[in-house]
Amino acid sequence: MKTERQLLRGVRQLSTDALTEAYDRYSPELYTYAMRQLANAGLAEDCVAETYHRLLDAIHRGKGPKRYLRAYLYRTAHNWIMDNYRRPQTEGIAEVGPLEDGDSDAPGQGLEAATLRKELLEAMATLTADQRQVLVLRFVEEWSLADTARAMERSVGAVKTLQYRAVRALADALEHGD
Amino acid sequence: MMTAGQDAQQDQIRRQLQALRPVPPRAPKVVAERRAAFLRACRNATLLRGAACARSPRFRLAAIAIGLALLIVVSSGLTVSAAQTALPGDPLYAIKVGAEQVRLALTFNQAARAERMVARVVTRARELDLLAFSHPEQIRPADLERFSEQAEAAHSQLLILSQTDASLAETLLVRLQEATSLRQGVILGIDGEMPAKGPQLGEPQESRGNQPRGPERASGGSPQATLPTPQQEGAPDQVATSAPSGSGTNRRPVSVSAASPTPSGASETTGTPHRIAEPTLAGEAQYGASATPSSSGSGGQPPKPSAGGADSETGQQSS
């Protein structure tokens with residue numbers, strides 16, 4: 001399996017193999033990332049497709065990622081989400097079947113979990129796009145501060161500050177929502 | 001640095017956000033369709049990139065051709081620059097002369113052409129002078145002929161210029177006369193004694209036999225020195241202020257108002273070639289209205305006019 005740098009080199013050369021591998025490697029997590037913010041499968045699939053098409057277009061124009069492919073993809077996906085974000089449709093969340101989650105002990109199963117997700121999504125809708133992104137990347141995707149900073153094109157210190165404000169804002173939104 | 005309360009709040013939010021981790025699975029059919037669409041887009045992008053690469057060899061050839069052309073232009077410029085100090089007989093001398101011709105051909109303004117042509121004559125004179133001092137044997141008849149031809153051409157151009165800018169024509173004529181005087185001295189040095197010293201402008205006139213090198217030679221010299229004489233007019237005893245101080249007491253610049261009658265009644269002689277005579281300027285020439293043609297005759301003076309009426313030795317008017 002290629003390292004990210006090797007993969008990026010092939011992608012920049014528009015190697016079909018490298019592009020295929022990049023799609024297979026990152027499209028599932030991109031879909032998950034979009035889904036966690038949009039709560040809509042169709043929109044999430046559109047987000048993934050558009051992210052990779054923008055990558056192709058940028059490389060063809062001589063632009064695109066220079067060092068970090070993954071961060072670039074997340075940044076592109078975030079930009080698309082910001083452009084197309086709609087208030088999550090949360091009415092049907094409780095009726096959704098078993099959800100995929102690697103951690104069976106995580107609070108993701110059952111009606112209670114569904115209700116919590118609904119509340120979270122509604123509360124997240126009151127945050128700014130950057131606040132939502134930092135919360136999802138740091139606490140849901142569990143990215144490091146450095147990776148988050150790279151994806152958001154901010155410094156680590158700026159990410160910490162943004163994270164602190166996002167936490168307070170979400171806490172306030174959840175408290176007022178109760 | 002976060003407080004304990006802030007840490008607790010963050011931990012609580014972190015735990016709550018875990019509820020967002022579970023995500024409904026993707027529909028396999030949708031996944032496959034989206035993947036296939038992306039691979040098609042990849043192939044199209046690769047084809048486009050390949051087409052662009054196929055064009056680049058032509059661009060490379062064009063870039064190479066342009067680079068070679070620039071290299072030729074730059075090296076030509078450097079060669080021309082290096083040829084500026086060339087003397088007759090040097091390998092780069094032909095380039096120097098050729099470059100002068102090109103520059104002159106590209107000069108359309110009459111005043112500028114006159115200046116270039118006079119400057120060219122001055123350059124020829126200095127070349128001959130340098131050669132006469134260092135390698136007189138290197139001077140060929142063709143070099144002297146070239147000098148004569150260029151001096152004639154410059155004189156003709158001054159005639160043309162005098163119709164529009166008499167003042168400049170007069171100034172350039174003085175310069176032309178100095179150049180021809182310089183060469184006159186060179187010729188005498190070649191035909192007579194070896195030059196004792198380098199060219200000296202401003203030296204007093206001396207007899208021909210023991211004359212030092214310089215432009216102040218007596219007129220005459222080898223037949224090869226024959227030049228069209230720039231006509232001189234003015235009072236016989238008037239020294240041109242613009243002439244070199246050592247060019248002889250009888251040196252007189254040509255007055256472009258020669259067509260007007262002189263106070264003494266002397267009129268412009270006819271039959272004198274190479275005469276800048278017409279038209280008359282608004283003011284009389286600064287050297288007087290005397291239309292007496294005279295040659296310098298003496299050392300440093302331009303060669304005497306071919307027509308008669310002038311004393312070639314003293315430059316005095318003989319009417």
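The analysis underlying the following values was restricted to heavy atoms, covering all of them including side chains, and did not include hydrogens, waters or symmetry mates. Below, chains carry the letters A, B, ... as their sequence lines are ordered, and counting in each starts from 1.
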- Query: Going through the distances and angles, do A:Arg36 and A:Glu29 end up as a salt bridge (Lys or Arg N to Asp or Glu O under 4.0 Å)?
  - Reply: CA-CA 10 Å; A:Arg36 284 168 177 162; A:Glu29 61 184 84; over 6 Å; no

- Message: Before you tell me yes or no, could you show the steps for A:Glu50 and A:Arg54 under salt bridge (Lys or Arg N to Asp or Glu O under 4.0 Å), namely the whole-Å CA-CA distance, both residues' side-chain angles and the distance that decides it to 0.1 Å?
- Response: CA-CA 6 Å; A:Glu50 184 62 23; A:Arg54 288 184 182 182; 3.2 Å; yes

- Task: List the steps, then state whether salt bridge (Lys or Arg N to Asp or Glu O under 4.0 Å) holds for B:Glu149 with B:Arg146.
- Result: CA-CA 5 Å; B:Glu149 289 166 1; B:Arg146 181 185 300 115; over 6 Å; no

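Interface residue B:Leu39: only side-chain heavy atoms are found under 4.5 Å from chain A. Neither the backbone nor the side chain of A:Asp17 comes within contact range of chain B; no heavy atom of the residue lies under 4.5 Å from a heavy atom of that chain. Neither the backbone nor the side chain of A:Ser15 comes within less than 4.5 Å of any heavy atom of chain B. Contact of A:Leu19 with chain B is made through backbone and side chain together, with heavy-atom distances under 4.5 Å. Looking at A:Ala41, there are no atoms closer than 4.5 Å to chain B (heavy atoms on both sides), in backbone or side chain. Of the two parts of A:Tyr52, the backbone and the side chain both hold a non-hydrogen atom closer than 4.5 Å to a non-hydrogen atom of chain B. Contacts between A:Asp57 and chain B at a heavy-atom distance below 4.5 Å are absent for every atom of the residue.
Listed here is the closest heavy atom pair of A:Phe139 and B:Leu17: CD1-CD1, 3.6 Å.
A distance-only check finds no donor-acceptor pair linking the side chain of A:Arg70 to the backbone of A:Tyr26 [under 3.5 Å].
For the options A:Val136, A:Leu56, A:Thr16, A:Leu135, heavy-atom pairs under 4.5 Å to chain B are most numerous at A:Leu56.
Annotation: cation-pi pair A:Arg150/A:Tyr68 present, NZ/CZ under 6.0 Å from the ring centroid and within 45° of its normal.
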